[in-house]
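Read the structure below first, then the notes.
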Amino acid sequence: MSNHLENIIQGCLKGDRLSQRKLYEQFYSLGLNLCLRYARSRDEAREMLNDGFLKVFRKIDRYNPAMPFQPWLRRLLVNAAIDYHHKHHKHPESEEIADYKLPPEAVVLPGEMAYEDLLKAVQALPPAYRMAFNLHEIEGYKHAEIAEMLNISVGTSKSNLARAKSHLKKSLQPAYKKIKKENV
């Protein structure tokens with residue numbers, strides 16, 4: 001960890017507002033990009049981000065300086081997104097399917113597709129599908145862990161992920177076809 005970041009964290013431990021502001025500014029872009037994947041809009045992502053930084057400032061004394069800071073921050077921001085999901089999406093769109101199998105065809109995304117297009121497609125997913133997709137595919141959690149975090153069954157987590165992939169495939173298909181035609 002750099003001395004600069006170490007000094008900022010030390011200031012945050014003392015409750016120094018200037019240090020808190022510096023930490024927020026230093027990790028704003030990283031945090032906002034993470035939260036955008038879990039949010040339906042930029043405003044919702046900012047709300048998640050601000051909630052996440054409140055958690056950071058309240059729990060900064062639990063941070064172990066021997067460990068990298070960014071993964072610890074990411075974990076708190078993901079938890080803030082989960083808390084936001086629980087608070088604002090009381091009745092998520094999900095169905096339990098006991099032994100749901102993923103379709104054999106994978107969602108193929110061309111390298112030329114703009115990040116903004118992908119982000120919009122993920123943001124357009126129903127909240128429960130978006131959470132399952134991000135937690136499993138982006139953050140790397142297993143279905144049992146997701147089920148515990150979201151208070152759902154493992155089957156529901158699997159179903160939500162499969163449905164998220166199906167929605168993404170349908171919504172990204174026109175852009176994919178357009179890019180294929182342009183590259184022929």
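Reckoned from all heavy atoms, side chains included, excluding hydrogens, waters and symmetry mates.
- Residues Val56 and Tyr63 form no side-chain contact, since every pair of their non-hydrogen atoms from C-beta on lies 4.5 Å or further apart.
- The structure places CD of Gln10 at 10.5 Å from CG of Leu5, a figure rounded to the nearest 0.5 Å.
- Under the 4.5 Å side-chain heavy-atom criterion for grouping Ile, Leu, Val, Met, Phe, Trp and Tyr, Leu13 is not connected to Leu54 through any hydrophobic cluster.
- Between Glu145 atom CD and His136 atom NE2 the span is 9.5 Å, to the nearest 0.5 Å.
- Here the side chain of His167 pairs no donor or acceptor atom with the backbone of Ala121 at under 3.5 angstrom.
- Rounded to the nearest 0.5 angstrom, Phe27 CZ and Phe53 CZ are separated by 7.5 Å.
- Residue pairs that meet the salt bridge (charged side-chain N to carboxylate O under 4.0 Å, His left out) test with at least one member in residues 66-83, sequence neighbours left out, are Lys55-Asp83, Arg74-Glu139.
- The shortest distance between side-chain heavy atoms of Met131 and Asn160 does not fall below 4.5 Å.
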| query | How far apart are the C-alpha atoms of Met67 and Trp72, what are their side-chain angles, what is the distance that settles it, and do they pass the side-chain contact (heavy atoms from CB on, under 4.5 Å) test? | reply | CA-CA 8 Å; Met67 303 300 288; Trp72 183 80; over 6 Å; no
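- To the nearest 0.5 Å, the span separating CD1 on Ile8 from NZ on Lys22 amounts to 6.0 Å.
- A heavy-atom distance below 4.5 Å is not found between the side chains of Leu161 and Ile146.
- Looking at Ser159, its side chain never comes within 3.5 Å of a backbone N or O of Gly155 through a donor-acceptor pair.
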| Arg130/Arg40 under side-chain contact (heavy atoms from CB on, under 4.5 Å): CA gap, chis, key distance, verdict | CA-CA 9 Å; Arg130 187 170 57 243; Arg40 188 166 291 258; 3.8 Å; yes
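- Note that the OH atom of Tyr141 and the CG atom of Asn134 stand 11.5 Å from one another [nearest 0.5 Å].
- The shortest side-chain heavy-atom distance between His88 and Glu44 does not fall under the 4.5 Å cut-off.
- Ile60 contributes atom CD1, which lies 8.5 Å from atom CG of Leu76 (distance to the nearest 0.5 angstrom).
- Residues Ala45 and Leu32 share a closest heavy-atom pair of CB-CD1, 3.9 Å.
- In summary, of the residues considered (Thr156, Asn151, Leu150), a side-chain contact (heavy atoms from CB on, under 4.5 Å) with Ser153 occurs for Thr156 alone.
- Minimum heavy-atom separation, Asp16 to Ser19: OD2-OG, 2.7 Å.
- Inter-residue side-chain proximity for Tyr38 and Met48 is flagged as met; some heavy-atom pair is nearer than 4.5 Å.
- Closest approach of Ala132 to Ser157, counting heavy atoms only: CB-O, 4.1 Å.
- Across all non-hydrogen atoms, the minimal contact from Leu125 to Ala164 is CD2-O, 3.7 Å.
- Counted within 6.0 Å of CD on Glu148, heavy atoms from surrounding residues, nucleotides or ligands total 12 or fewer; the atom is thus considered open.
- A pairwise comparison of heavy atoms in His143 and Val154 identifies CB-CG1, 3.9 Å as the closest pair.
- At least one side-chain heavy atom of Leu73 sits under 4.5 Å from a side-chain heavy atom of Leu30.
- Two residues are said to be in side-chain contact when any heavy atoms from C-beta on lie closer than 4.5 Å; Arg163 and Phe133 fail this criterion.
- In this structure the side chain of Glu25 reaches within 4.5 angstrom of the side chain of Arg21, judged on heavy atoms.
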